[in-house]
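Model, not experiment: these values are computed from the prediction. Here is how names work: the chains are called A, B, and so on, in the same order as the sequence lines, proteins then strands, and each is numbered from 1.
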Amino acid sequence: MPPAFTPLPAVPDHPALERDILESWQRETTFEVLRAANSGGPRWSFIDGPITANKKMGVHHMWGRTLKDVFQRYKALNGFDQRYQNGYDCQGLWVEVGVERELGLNSKQEIEEYGLAAFANKCRDKVAWSAGEITKQSQRLGMWMDWGNDYFTFSDTNIEYIWRFLKVVHEKGLLTKGYRGTEWCPRCGTSISQHELHGSYHDATDPSLFVRFPLADPARHGQALVIWTTTPWSLPANSAAAVNPEAEYGRLENGDWVAVARYPRETFVEQVKGEALVGLAYTGPFDHLAPGAAVQHRVIPWAEVSLEDGSGIVHIAPGCGGDDFELSKVHGLEIINPIDEAGRFLPEFGWLHGLSTVEAKDKIIGDLDERGLLVQAGELVHRFAFCWRCETPLVFRLTDDWFIKADPVREDLLKANATVEWIPDYFGKRMDDWLRNLADWNISRKRYFGLPLPFYPCSCGHLNVIGSRAELEERATAGLEGLEELHRPWIDGVTIRCAGCGAEDVQRVPEVGDVWLDAGIVPFSSLGWMNETRVPGGYANGSARGLSGADLNDHEYWQGWFPADWVSEMREQIRLWFYAMLFMSVILEGRAPYKKVLAYEKLLDADGREMHGSLGNAIDADEAFESMGADVMRWMYCAQPPTQNIRFGFAPANDVKRKLLTLWNSVSFLVTYANIEEWQPRYSDLADGPQGDLNANDRWLVARTQALVAEATAAYEEFLTVGVVRAFESFVDDLSNWYIRRSRRRFYGKDEAALSTLWYALTTSLRVVGPIMPFLADHLWRNLVAGPCADAPRSVFHAGWPTPNPALADDALIVEIAELRRVVELGRQARASSGLKNRQPLRRLVVQGGDAARAHVEEIQEELRVKEVVFGQVEAVQLRVKPNLPALGPKLGPKLRDVKLALESGAFEDLGGGRFRAAGFELEPNEVLVERSSVEGWSLAEDLGLTVALFTALDDELLLEGRVYDVIHHVNSLRKDTGLALTDRITLRLPADDIDLIGFAARIADETLALDVIFEGDEIAVEKSISGTR
RNA sequence: GGGCGAUUAGCUCAGUUGGUUAGAGCGCCGCUCUGAUAAGGCGGAGGUCGGUGGUUCGAAUCCACCAUCGCCCA
């Protein structure tokens, strides 16, 4: 009979075995078979957050992808029917900016010159390429998804769903067009929304200027306000100067007005409260230019004016700052907008015309200096916002944008969020914070390849909002014939009839939409919300044509899969995808689109730095697959608590490999001896437990395996992979370092119980860890189970989730063995402190406490190499008694201190029976902890409630045996040094002086595989025997 | 400026409802095993648990303030 199992190499080659398994999965259609088997079962709805398809993935993407795959696999093992739809985010700035770079385009003007149709096609090509790469990488990671039926957010269907949403928003009166200030990227030529400002703040150096604004009142001739600003480019747009009405202001000898608190060492010739300055007129810093000349500059009160920095007087330019803009509404200030879309000064600013805000800085400072208005120019380092895509410093700019009002839905959003279970829960608070502070959602972007906003404002004042392609076609008056897809430039050629006045030539606004509309609509668009009939392949239209075969589902389908049971993305998605989905879902359906969210922190390099191409510390995913293997990567992600940044690198990967080696070695051990003994496993054992005459250790390992299943199940159900990893690591340690070590010799003979117990435990653990390490688990499953058992599934993923078997659980036994191991561990400590070598046998060990281990005297003897183990009273000259705090604390309260001191100082009376009297209290046995100190001739170790005492005196018999073990040790070292194989037999020569060991010759021969033992000469020598092996 | 987290051994991290001597892995040192063997096991050194106060019989744990770091917002 051929060996049942394939021998394992010394070390696993993860990448190689993973490629093997991928091939097997493909050949055997493992995933498809699993899906089919679960089809029609209970549903578990997971919605995949779309990954931006503009490049390949890095290892930081793999964390989330791993978690998604782990829980989909876990749920599949439990029989749940799932959708497995992957999604790609396909339009908007991310994609555009990448394409711009490739084409060498640097401004919106250059894009328009290049041609919007050609640009759109390039963007689409980029997405198609990236989606292909991401698919391949995800498959390599082991991710099981319905590849080929992915959703692409730039499909016409997705766009139509957003149109429909926007129409609802308009009907509810939530859509507004606003002339507002926003953060603006001058390079991209578009406003940047609140949620896009994430991580955009870096320290930057700005000028810090103190500038004179001469007062206009003739009575105050020669006097000036000294204002402070960090944005010189905004000075030509000045309308007002703000003072803190409650603060004291003073006039210096030279006529300059400043806040007194800012200049404690100066003397002032006049001092007034800020409110007294309010209303004073002054000459603006750039009144020689037309915009400034047209403004009545004056002093206004503002309680927010800080006395912590600057001069205590603040320059106000409502066209250049958010606070300034708000103040302009309160005080009716003129608004001057100095810059155009590209961030350059407008023509009416004369000599500044065409300069960028950065270029204008030095010229403005120089000009002020020449005109004697500059008091002081320094520099200041502060936090400043940059464009998230191109790193250009953002400016504040007033612009027309489209908004969805936040206030009317805020309460509903908070209520909906309260129904969501967030893991970890503090992320739920984050979402609440975000929702409470939410400003109106700026949904418009002045860009090209994105969702075309379906807004058609008519000159009659009516705003037409188109809700679908059908509606567009019905109302179109021109341009339909050129409408290839719902993207610019094609959509821009379509004009419609106004529903208000009937005008025939109403044009769409040029803006496109925020990408988070694209992603937020997914729970509706991909599931077929409000769609009457299912259209096979009907999702993949427009730009997505040819990229996917996804269906347009119908409303019944939507009802079956909405809301998602679970979604999972990285932390920053709170204010992005999670938020966008929540918002859109609350508008459309009045409830949250997901029930549970698992969010996780950030991936850093092994030293805790962010991974950046420029730092050279980024790890390419493909490189990681080939050097670590996907399982090792997945293990690292899963070992990470989601509340903590992960430190990812090659050194941590090596630690993981070493841990996995213990499992590998354990399997290898089983395979080696099962093959030698020609042992065959029975698949039915997996359900029923190992058969045969099990001893206590066997029953313990079986019970321990049941405990592993229970712990892992609980952890998976909480969506915390780290719990699974910890349970598994501890299990493998128990299996390898207790079970195998204790049972080793049983494997040298054909012990059916030992073999089938170890097989049962290992095989069950593979099933438990499969979702986390699918490759290694299936690889070993195929060797241990699928190979030898004809009636077993080929893949561990067809074996289902292990069913707990109460008949095999035994908590008492687990406690018993734990106690035994504690006794052994203490015994080792006692041995170590005695200074005697482990191979020196000792006479006697006394164990006090640890009664649960009583049945294991023989094992303790073997482990500690003592001849006798006695459970009983440890003889001791000295007792130490300590209070049992949890018992005595509540009982004695403050008087506990007295008892404790009395016991410590030895001022107690032994009442016998474990009772003591101290400080006037009688203490029961359960209220004290008694410890013993070492006695002459004994080595002692103790732990809570457990004391072991090792009798260390040696007699002749013990010394003789010690020499026997020394010889065995020495011979085996020689065997290894001379390069003998493990099974080689030898002829052993021992020194003639050791003739007194002749009584142990058989034992020595047995332990060293010696066929002959000869006592002659004066050295130990080994020689390979030619008379055969065993 | 407000909010959410974090701070425990050289490094990476555990530490359940407050309880006795605060743990693990890696690294280091020593020992050990030699039929899992280019593995395995055991022991040791190493910590004023960020700081200061407070609550309590008792605080790494609860509270307040402070410091440092990260994140979110203004």
Out of [options], which nucleotide sits closest to the side chain of [X]?
X	options	answer
Glu825(A)	G43(B), C57(B), U34(B)	G43(B)
Arg744(A)	G70(B), A36(B), G25(B)	A36(B)
Phe669(A)	A36(B), G41(B), C73(B)	A36(B)
Arg897(A)	U21(B), G58(B), A36(B)	G58(B)
Asn665(A)	C57(B), A39(B), G41(B)	A39(B)
Leu885(A)	G19(B), C26(B), G70(B)	G19(B)

In whole Å, measure the gap between the [atom1] atoms of [N] and [M] for me.
N	M	atom1	answer
U68(B)	G27(B)	C1'	27 Å
U16(B)	U61(B)	C1'	11 Å
C49(B)	A59(B)	C1'	11 Å
A6(B)	C42(B)	C1'	35 Å
A60(B)	U34(B)	C1'	43 Å
U56(B)	U17(B)	C1'	16 Å
G19(B)	A38(B)	C1'	48 Å
C13(B)	G18(B)	C1'	22 Å

Please assess Tyr600(A) against Tyr637(A) for the test ring pair (Phe, Tyr, Trp, His ring centres under 6.0 Å), listing each intermediate value before the final yes or no. CA-CA 10 Å; Tyr600(A) 44 91; Tyr637(A) 300 129; 9.1 Å; no
is_close_aromatic([X], [Y]), centroid dist under 6.0 Å:
X	Y	answer
Trp184(A)	Phe396(A)	no
Trp422(A)	Phe578(A)	yes
Phe669(A)	Trp664(A)	no

Tell me the interatomic distance from [X], atom [atom1], to [N], atom [atom2], rounded to whole angstroms.
X	N	atom1	atom2	value
Glu1007(A)	U34(B)	CD	P	7 Å
Asn884(A)	U21(B)	CG	C1'	15 Å
Asp655(A)	C13(B)	CG	P	12 Å
Lys602(A)	G70(B)	NZ	C1'	9 Å
Glu729(A)	G25(B)	CD	P	11 Å
Glu718(A)	U16(B)	CD	C1'	12 Å
Arg865(A)	G41(B)	CZ	P	18 Å
Arg745(A)	A36(B)	CZ	P	10 Å

Please tell me if [X] has a side-chain N or O lying less than 4.0 Å from either OP1 or OP2 of [N].
X	N	result
His969(A)	U32(B)	no
Arg828(A)	G41(B)	no
Arg658(A)	G27(B)	yes
Arg741(A)	G40(B)	no

Watson-Crick or G-U wobble mate for [N], both contacts under 3.5 Å:
N	value
G1(B)	C73(B)
C62(B)	G54(B)
A45(B)	none

Please test Lys750(A) against Glu678(A) for salt bridge (Lys or Arg N to Asp or Glu O under 4.0 Å), starting from the C-alpha separation and ending with a verdict. CA-CA 9 Å; Lys750(A) 185 173 183 174; Glu678(A) 298 184 347; over 6 Å; no
For [X] and [Y], does a side-chain donor sit closer than 3.5 Å to a side-chain acceptor?
X	Y	result
Asn926(A)	Asn884(A)	no
Tyr673(A)	Arg744(A)	no
Asn645(A)	Gln640(A)	no

Base contacts versus sugar-phosphate-only contacts with protein, heavy atoms under 4.0 Å: please encode nucleotides 2-12 of chain B as B, S and - from 5' to 3'. -BBS------S
Base, sugar-phosphate, or nothing: which does [X] touch, judged by heavy atoms less than 4.0 Å apart?
X	value
Ile740(A)	base
Pro652(A)	nothing
Ser666(A)	base

Which residues pass the side-chain contact (heavy atoms from CB on, under 4.5 Å) test with His969(A), sequence neighbours left out? Arg839(A), Ser973(A)
Between Gln640(A) and Lys659(A), who's closer to the 5' end of RNA chain B by nearest nucleotide? Gln640(A)
Go through it in stages, so that I can follow the logic: the residues are Glu924(A) and Lys891(A), the test is salt bridge (Lys or Arg N to Asp or Glu O under 4.0 Å), and I'd like the CA-CA distance, side-chain angles, deciding distance and then a yes or no. CA-CA 12 Å; Glu924(A) 299 300 315; Lys891(A) 182 176 163 186; over 6 Å; no
